[in-house]
Chemist: 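Got a structure here, written out as structure tokens. Questions coming.
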Amino acid sequence: MIIQVTAADISLFHVAARYLGDATQWWRISQLNGISDPDLSRLTSPISVALPSQSATLTAGLPELVA
């Protein structure tokens, strides 16, 4: 799924919480889209962001803990 995010979305943490149900999964959105800074408040115009599929097997928010 592709969504539009703006500065009003505040951060990838907020986007992950809303669309993936887990704010700690923000890094998956970051990696998928090549976004190095999770802070969206500096955006001057909307950007398209691809969302990864929800995963029932991911229980840790840190990529190095995901098997």
Side-chain angles (χ1 to χ4, degrees):
M1 175 187 335
I2 305 287
I3 62 166
Q4 293 284 315
V5 295
T6 67
D9 290 303
I10 304 170
S11 73
L12 291 182
F13 305 103
H14 291 89
V15 174
R18 184 177 330 136
Y19 291 99
L20 301 180
D22 181 357
T24 65
Q25 299 301 312
W26 70 271
W27 61 270
R28 296 178 62 219
I29 300 170
S30 174
Q31 284 183 342
L32 182 62
N33 293 280
I35 301 171
S36 60
D37 185 358
D39 181 12
L40 301 174
S41 66
R42 297 183 197 129
L43 291 178
T44 57
S45 60
I47 61 170
S48 295
V49 173
L51 295 176
S53 59
Q54 288 185 325
S55 174
T57 61
L58 291 175
T59 58
L62 303 172
E64 62 270 11
L65 297 179
V66 176

Chemist: Out of curiosity, does W27 fall in the hydrophobic cluster containing M1 (side-chain heavy atoms, cut-off under 4.5 Å, transitive links)?
Modeler: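 Yes, M1 connects to W27 through the hydrophobic network.
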Chemist: Which atom pair, heavy atoms only, marks the closest approach of A7 to S41?
Modeler: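 Answer, listing the atom of A7 first, then S41: CB-O, 3.6 Å.
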Chemist: Would you indicate whether the side-chain heavy atoms of I35 and V49 approach each other to under 4.5 Å?
Modeler: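 When only atoms from C-beta onward are counted, I35 and V49 do touch, with a gap below 4.5 Å.
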Chemist: Report all side-chain donor-acceptor pairs from residues 12-21 shorter than 3.5 Å, counting only partners two or more places apart or in another chain.
Modeler:
residue, atom, partner, partner atom, Å
H14, ND1, S11, OG, 2.8
R18, NH1, D9, OD1, 3.3
R18, NH2, D9, OD1, 3.1

Chemist: State the CD1-CD1 distance between I3 and I47, to the nearest 0.5 angstrom.
Modeler: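 One finds 9.0 Å between CD1 of I3 and CD1 of I47.
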Chemist: To the nearest 0.5 Å, what is the distance between CG on N33 and CD1 on I2?
Modeler: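 The distance works out to 7.0 Å.
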Chemist: Does any pair with a residue in residues 43-52 pass side chain to side chain donor-acceptor pair (under 3.5 Å), and if so which ones, sequence neighbours excluded?
Modeler: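 The answer is Q4-S48.
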Chemist: Side-chain heavy atoms under 4.5 angstrom apart, residues restricted to Ile, Leu, Val, Met, Phe, Trp, Tyr: same cluster for I10 and I29?
Modeler: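 No, it is not one cluster - the side chains of I10 and I29 are not joined through contacts under 4.5 Å.
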